[in-house]
Amino acid sequence: DSGVTQTPKHLITATGQRVTLRCSPRSGDLSVYWYQQSLDQGLQFLIQYYNGEERAKGNILERFSAQQFPDLHSELNLSSLELGDSALYFCASSAQTAGTGSYEQYFGPGTRLTVT
Amino acid sequence: ILNVEQSPQSLHVQEGDSTNFTCSFPSSNFYALHWYRWETAKSPKALFVMTLNGDEKKKGRISATLNTKEGYSYLYIKGSQPEDSATYLCAFFSNFGNEKLTFGTGTRLTIIP
């Protein structure tokens, strides 16, 4: 158990809908990362938050947004869902301070999103 | 676009044999190289984070080396056991531009009992 929690574990929804994925980092970790794992693709970085502020952005679609709250939990919002958004979404946390990559990341169990 | 490549894509190894695989990354603007182990139906778990050229790290039967000048890292597993079956991911962190980990697509290792 990494100490990172994600809810829900599974989500099935229809095209055009909006969903929210939730992540609680390990106690004390200020950095939260979101990744997407699609079929036959590697882990794709979406976005990072550090202590409530956006720190780095990957190829995140405009239909997707995220935020980190004062209690450090984070939410990833996916809207106008398309079939191609079906994927495993991971949240990870680390003790990484802003601007360094020398801290390992701890991954949550993931949320499996299926868009029908 | 940063290219992180891993080879081979998949590997079958007899139990008890040793094996190794490669991660290639850009040799410029290097900051850190991560290795993660990802078992089926679980989430990736960190093995090593390496930051210095020539670094060698070891955890039990698994070890890794790093060459930042030529842009590669090797992961070695000695005396493979069935529980070593997993996908091994490497990820590169650059000190230039967007501060993010770029993952390779992994080497899927299967140990044959």
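Lettering of chains follows the sequences in order, A, B, ..., and the numbering in each one begins at 1.
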- Query: Side chain, backbone, both or neither: which part of B/Leu89 has a heavy atom under 4.5 Å from chain A?
  - Reply: side chain
- Donor-acceptor contact below 3.5 Å, side chain B/Asn53 vs main chain B/Thr68: yes
- Query: Does anything in residues 62-91 of chain B pair up under salt bridge (charged side-chain N to carboxylate O under 4.0 Å, His left out), and if so which pairs, sequence neighbours excluded?
  - Reply: B/Arg61-B/Asp84
- Heavy-atom distances under 4.5 Å only: say whether B/Tyr36 touches chain A with side chain, backbone, both or neither. side chain
- Message: So which residue, B/Ala41, B/Pro44, B/Ala91, B/Ala32, ends up with the most heavy-atom pairs under 4.5 Å with chain A?
- Response: B/Pro44
- Could you tell me whether B/Glu56 and B/Lys58 make a salt bridge, using a distance below 4.0 angstrom between a side-chain N and a carboxylate O? no
- In a check of ring-ring contact (aromatic ring centres under 6.0 Å, His included) between B/Phe92 and each of B/Tyr31, B/Phe25, B/Trp35, which one passes? B/Phe25
- Query: Can you list the steps and then say if A/Tyr35 with A/Gln105 is a side chain to side chain donor-acceptor pair (under 3.5 Å)?
  - Reply: CA-CA 12 Å; A/Tyr35 292 92; A/Gln105 294 186 11; 2.7 Å; yes
- Bottom line for A/Gln37: the part with an atom under 4.5 Å from chain B's heavy atoms is side chain
- Query: So which bits of residues 102-113 of chain B come within less than 4.5 Å of chain A, counting non-hydrogen atoms only?
  - Reply: B/Phe103, B/Thr105
- Going by an N to O cut-off under 4.0 Å, is there a salt bridge joining A/Glu104 and B/Lys45? no
- Query: Distance only, no hydrogens: is a donor on one side chain within 3.5 Å (strictly under) of an acceptor on the other, for A/Asn77 and A/Thr20?
  - Reply: yes
- Query: Looking just at side-chain N and O atoms, do B/Asn67 and B/Tyr72 make a donor-acceptor pair shorter than 3.5 Å?
  - Reply: yes
